Amino acid sequence: MNKAFDISGKVVVLTGATGGIGSAIVKEMAQNGARLVLVSRNEGKMHRLAEEAGGDILCLPCDITDLNAAQKVVGTIEEKYGRVDALLNCAGCNTRKPFLEMLPEDYDRVMGLNVRSCYFFSQMIGKIMARQNCGKIVNFASLNTYISLSTVSVYAASKGAVGQLTKAMAVDLAKYNIQVNAIAPGFIKTQFNELLWGNPEKNSWIEERTLCKRFGVPEDLTGTVHFLCSEASDFITGQIIPVDGGFLAGQDTLFG
Ligand SMILES: NC(=O)c1ccc[n+]([C@@H]2O[C@H](COP(=O)([O-])OP(=O)(O)OC[C@H]3O[C@@H](n4cnc5c(N)ncnc54)[C@H](O)[C@@H]3O)[C@@H](O)[C@H]2O)c1
């Protein structure tokens, strides 16, 4: 392997580690020798994943919307490793309802995790990275960072914010040699969007509308995430990279 892509020995912290996308990343990175810190609310699931993935993995149960609990987790990471090479802000949630029916509690839950927790957890880890004068942060944006799909108005607002936050963090953290980027997954088959792939009509619309003519799988994202955590991406910062099977590129209109 080109040495610039080597992530072995790097301390990588993942939120939402036991989710569909997080789990695939954990397995890929463990296979490539990263030292992983999983942050998730579900302790049992996290330990099962760590066992399956093998390698050097620390499991820290935490609801990252509780900033005091998150700060304790960051203290434990600092005590054990003394550094963080990469942070992956993978935790995310959604509420599907028409705009006219969305409640303040829906708004607070989605914005609270997708934006507020991403912001402050990155700030906590960013302080460690600033002291060591290097680091990589990868945020999880969405198709909704660029366009809006129906019934996800709060999620779209939150992922729009994640896109802009990625740029703002890249600007403020550049002087500490920290690169901040985001990936914008297309439709990836996980529990997160079971309501879509579980519905034959919605599933076919997505498969037809995506240029690659299929749903993505979590493994479709792991190469890009690996790249963004490695030295090979040292001159890339403030970017949002769609990994979407061509969804945003355009649509086959059948005109020709
Ligand atoms: N699956 C897709 O099609 C898709 C598309 C675009 C963007 N994304 C984004 O990718 C990321 C991962 O998505 P996924 O498909 O793996 O979803 P998922 O639902 O499988 O995983 C999300 C994870 O976040 C965790 N989480 C939720 N609230 C938390 C909290 N308060 N504290 C700690 N962890 C918490 C969940 O427990 C879960 O493990 C999300 O940010 C999502 O918005 C997913």
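Computed from a prediction, not measured in an experiment: that's the story for all the values here. As the structure lists them, so they are numbered: ligands from 1, and atoms in each ligand from 1.
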Q: Identify, by atom number and element, the atoms of ligand 1 in contact range of T190, meaning under 4.0 Å from any of its heavy atoms.
A: 1 (N), 14 (P), 15 (O)
Q.
Has T145 got a side-chain atom pairing as donor or acceptor with S142's backbone, closer than 3.5 angstrom?
A. yes
**Q.** Note: K136-E231 ion pair, threshold 4.0 Å (strictly below)
**A.** no
Q) Looking only at heavy atoms of L113, does any of them come nearer than 4.0 Å to an atom of ligand 1? A) yes
Q.
Could you tell me, atom by atom, which parts of ligand 1 come under 4.0 Å of a heavy atom of C62?
A. 32 (N), 33 (C)
(Q) I'd like to know if D172 and K167 make a salt bridge, using a cut-off of under 4.0 Å between side-chain N and carboxylate O. (A) no
Q) Under 3.5 Å, N or O to N or O, is D63 touching ligand 1 that way? A) yes
(Q) Under a 4.0 angstrom heavy-atom cut-off, which atoms of ligand 1 come close to T65? (A) 31 (N)
Q: Is it possible for you to say whether I125 and L113 belong to one hydrophobic cluster, with membership spreading through side-chain heavy-atom contacts below 4.5 Å?
A: yes
Q.
I137 and side-chain contact (heavy atoms from CB on, under 4.5 Å): which single residue from L228, L173, T237 fits?
A. L173
Q | Ligand-side contact atoms (ligand 1) for residue partner T18, heavy atom cut-off under 4.0 Å | A | 39 (O)
Q) Taking the six-membered ring of F247, is the NZ or CZ of R209 close enough (under 6.0 Å from the centre) and on axis enough (within 45°)? A) yes
Q: List the closest protein heavy-atom neighbour of atom 5 (C) of ligand 1: residue, atom name, distance to the nearest 0.1 Å.
A: G186 O, 3.3 Å
Q. Around atom NZ of K97, are there more than 12 heavy atoms of other residues, nucleotides or ligands at under 6.0 Å?
A. yes
Q. In terms of residue, atom name and distance, what is the protein heavy atom nearest to atom 23 (C) of ligand 1?
A. G16 CA, 3.7 Å
Q: Would you tell me whether N89 and N139 have side-chain atoms, one donor and one acceptor, within less than 3.5 Å of each other?
A: yes
(Q) If hydrophobic clusters are built from ILVMFWY residues whose side chains come within less than 4.5 Å, do Y119 and M111 share one? (A) no
Q. Can you find an N or O of N89 that's nearer than 3.5 Å to an N or O of ligand 1?
A. no
Q: For this output row, return yes or no: ring centroids of Y155 and F192 closer than 6.0 angstrom.
A: yes
**Q.** Best match, F140, Y155, F121: closest heavy atom to atom 42 (C) of ligand 1
**A.** Y155
Q | atom 22 (C) of ligand 1 - nearest protein heavy atom and its distance | A | G92 O, 3.8 Å
Q) Between the main-chain N or O of V12 and the side-chain N or O of D85, is there a donor-acceptor pair closer than 3.5 Å? A) no
Q.
Below the 3.5 angstrom mark, is there an N/O of I21, backbone or side chain, next to an N/O of ligand 1?
A. yes
Q) Could you go step by step and tell me if D220 and R214 meet the salt bridge (charged side-chain N to carboxylate O under 4.0 Å, His left out) rule? A) CA-CA 12 Å; D220 285 317; R214 65 171 175 89; 2.9 Å; yes
Q: Before signing off on this row, confirm whether I188 and ligand 1 have an N or O atom pair separated by under 3.5 Å.
A: yes
Q. Is there a donor in the side chain of S40 and an acceptor in the side chain of N42, or the other way round, less than 3.5 Å apart?
A. no
Q) Looking only at protein heavy atoms, which one is nearest to atom 6 (C) of ligand 1, and how far off is it? A) P185 O, 3.5 Å
Q | Proximal atoms of ligand 1 relative to I64 (non-hydrogen, under 4.0 Å) | A | 32 (N), 33 (C)
Q) Hey, are Q179 and N177 close enough side-chain-wise for a donor-acceptor pair under 3.5 Å? A) yes
Q.
Regarding ligand 1, does G19 bring an N or O atom to under 3.5 Å of one of the ligand's N or O atoms?
A. yes
Q) For ligand 1, which atoms, with element, lie under 4.0 Å from some heavy atom of A141? A) 6 (C), 7 (C)
Q. Are any of the N or O atoms of G20 closer than 3.5 Å to those of ligand 1?
A. yes
Q) What atoms of ligand 1 come closer than 4.0 angstrom to any heavy atom of A91? A) 24 (O), 34 (N), 35 (C), 41 (O)
Q. Do ligand 1 and N193 have nitrogen or oxygen atoms that lie under 3.5 Å from each other?
A. yes
Q | Contact check: S40 vs ligand 1, nitrogen or oxygen atoms, below 3.5 angstrom | A | no
Q) Is there at least one pair of N or O atoms, one from C90 and one from ligand 1, spaced under 3.5 Å apart? A) yes
**Q.** K159, portion touching ligand 1 at heavy-atom distance under 4.0 Å
**A.** side chain
Q | Nearest protein heavy atom with distance in Å, relative to atom 35 (C) of ligand 1 | A | R41 NE, 3.6 Å
